[in-house]
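The figures here come from the full heavy-atom set of this structure, side chains too, leaving out hydrogens, waters and symmetry mates. Both counts, for ligands and for their atoms, begin at 1 and track the order of listing.
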Amino acid sequence: MKLFEQQELQLYNSLTKSKEKFQPIHEGAVGMYVCGPTVYSNVHMGNCRTFLSFDLVFRYLKHLGYKVRYVRNITDAGHLENDGESGDDPILKKARLEQIEPMEVVQKYSVDFHNVMGKFNALPPSIEPTATGHIIEQINIVQDIIKKGYAYEINGSVYFDVVKFNEDHAYGKLSGRVLEDMIANTRELAAQSEKKNPQDFALWKKAEPQHIMRWPSPWSDGFPGWHLECTAMSTKYLGNQFDIHGGGMDLKFPHHECEIAQAEACNETSPVNYWLHANMLTLNGKKMAKSTGNNILPNELFSGENDILSKAFAPTAAKFFMYQAHYRSILDFSNDALEASEKGFHRLMDAYRSLENIATGSSSSFDVSQWRQSCYDAMNDDFNSPILIAQLFDASKQINTIKEGKGSITKEDLIVLKQTMYDFLFEVLGLVDYTSEGGDDTNKLSGAVELLISLRNEARANKDFATSDKIRDQLLEVGIQLKDGKEGTTYSLN
Ligand code: AMP
Ligand code: ZN
């Protein structure tokens, strides 16, 4: 194992609201669970940001030499809006709308999710369990919670008794919410519900006749609650206590709070040592979300087909843009910011490639081992990728200085520099050099179209409209549409 002794990985634990030294339960091994997507529509860039934040965590832990078991579920049943009080299962809704089987919806969007993650060069998790594949495990947990006295059955549904649980546990410790305040704020809701208290949440729901995703249980033909699946699947594959649980910030409450309550009700132990929460990607200052339509889809980005985009962007350019912000910071998506990141990434790749033909000398004009340490320091400080990237830019400046003959590097330092750049760029950040030959076609295509746009502009300036129209029409014939706007000409792929 190549754990770096002198370095200490610090993680920000949402449970304690502080940075803590990372100490896994089993030396050298890490168990990590991340809430996966609810597969009823295409993942948007916001979803992608969270999954890429945890891909970085996974990659860095592996890079440090840990044996990581990374479990990320697929929610293919039970994710109800408002705990089923109002609103339907989104997968069923979509199935009705498209007149297909719910499992066809699940399949379609699971495939999309995997394709997108593949394009971003995210590593697949070690286990990717589905909620529908773990109904028995979920029923067992419900039975256990009822036995322990923290759940009650009513009309074929089973609810977690939050008030009872809070008598001898602390409900709200992750989100910092106080049960009494929550109850005071929801008093008027109580009358409309079959629950004892609006804060109680469903462990099992009896299915209405039209609800076709249903399974037999001791209480009714029905389906499990959303929070339950993550407790069932995380503890099944990682044990009753495991190291890291991740997800987007918006899942802290109620989802993760309820996961803690369920596990504590069963086992009387806190299930997770480190809770990690990734912050939101916003668009026009508002959270990207499926429900509001305020989002950008990865394929729109890769093709340039969205009015806010001036062109197509390669997946790595978007990933680099996202990693230039820390995972716990809010990040606003914009075309300009993306373009700036793309330019930066190209500069970095130019510098990296020029390491191949750099001359070595008898001394080094910059301290490579100290620089290398700074890269680790950045990542050890709660996966601080923006600081890491700043270090990589710093190295690229040094490389250019040496290239211009204004600095020097020894052969030994050059080997370390190359290896460290490689490790962080490609192994830890998981970037892909699409800018070099044989790289991603998106960039080559965009270069070629930009060239044609500038030839067309020249033709138009010379009043040679036959040529300019020919360029526009023939590009359209091969599926590339030019759009003339105030800020110049852009294109999209049809
Ligand atoms: P869902 O499919 O809605 O359960 O979401 C999947 C994951 O994406 C969850 O971890 C969410 O917290 C996360 N997520 C949703 N919206 C955003 C956003 N705008 N920015 C970052 N992560 C998000
Ligand atoms: Zn979950």
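- By the 6.0 Å and 45° rule, Lys290 stacks over the aromatic ring of Tyr40.
- When ring centroids are compared, Phe51 and Phe120 stay outside the 6.0 Å threshold.
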Are any protein N/O atoms closer than 3.5 Å to the N/O atoms of ligand 1? If there are, list each pair with names and the distance to one decimal place.
{"from": "ligand 1", "atom 1": "2 (O)", "to": "Thr38", "atom 2": "N", "distance (Å)": "2.9"}
{"from": "ligand 1", "atom 1": "2 (O)", "to": "Lys290", "atom 2": "NZ", "distance (Å)": "3.1"}
{"from": "ligand 1", "atom 1": "4 (O)", "to": "Thr38", "atom 2": "OG1", "distance (Å)": "3.3"}
{"from": "ligand 1", "atom 1": "5 (O)", "to": "Asn47", "atom 2": "ND2", "distance (Å)": "3.4"}
{"from": "ligand 1", "atom 1": "8 (O)", "to": "Asn47", "atom 2": "ND2", "distance (Å)": "3.0"}
{"from": "ligand 1", "atom 1": "10 (O)", "to": "Gly248", "atom 2": "N", "distance (Å)": "3.1"}
{"from": "ligand 1", "atom 1": "12 (O)", "to": "Gly248", "atom 2": "N", "distance (Å)": "3.4"}
{"from": "ligand 1", "atom 1": "12 (O)", "to": "Asp250", "atom 2": "OD1", "distance (Å)": "2.4"}
{"from": "ligand 1", "atom 1": "19 (N)", "to": "Leu281", "atom 2": "O", "distance (Å)": "3.0"}
{"from": "ligand 1", "atom 1": "19 (N)", "to": "Met288", "atom 2": "N", "distance (Å)": "3.4"}
{"from": "ligand 1", "atom 1": "19 (N)", "to": "Met288", "atom 2": "O", "distance (Å)": "2.8"}
{"from": "ligand 1", "atom 1": "20 (N)", "to": "Gly46", "atom 2": "O", "distance (Å)": "3.4"}
{"from": "ligand 1", "atom 1": "20 (N)", "to": "Leu281", "atom 2": "N", "distance (Å)": "2.8"}
{"from": "ligand 1", "atom 1": "22 (N)", "to": "Gly46", "atom 2": "O", "distance (Å)": "3.0"}
{"from": "ligand 1", "atom 1": "22 (N)", "to": "Thr50", "atom 2": "OG1", "distance (Å)": "2.7"}

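- In this structure, Phe345 has its ring center at least 6.0 angstrom away from the ring center of Phe313.
- Taking the six-membered ring for Trp, Tyr434 and His346 have ring centres closer than 6.0 Å.
- At least one test fails for Lys119 against the ring of Phe302: distance under 6.0 Å to the centre or angle within 45° of the axis.
- For Asp200 (side chain) and Val162 (main-chain N/O), a donor-acceptor pair under 3.5 Å exists by modelled atom type.
- Between the side chain of Tyr33 and the backbone N or O of Tyr237 there is no donor-acceptor pair closer than 3.5 Å.
- For a distance threshold of 2.8 Å, the protein N, O or S atoms nearer than that to the Zn ion (ligand 2), listed by chain and number, are Cys35 SG, Cys230 SG, His255 NE2.
- Here Tyr150 and Tyr171 keep their ring centres 6.0 angstrom or further from each other.
- The backbone N or O of Asp382 sits less than 3.5 Å from a side-chain atom of His326, completing a donor-acceptor pair.
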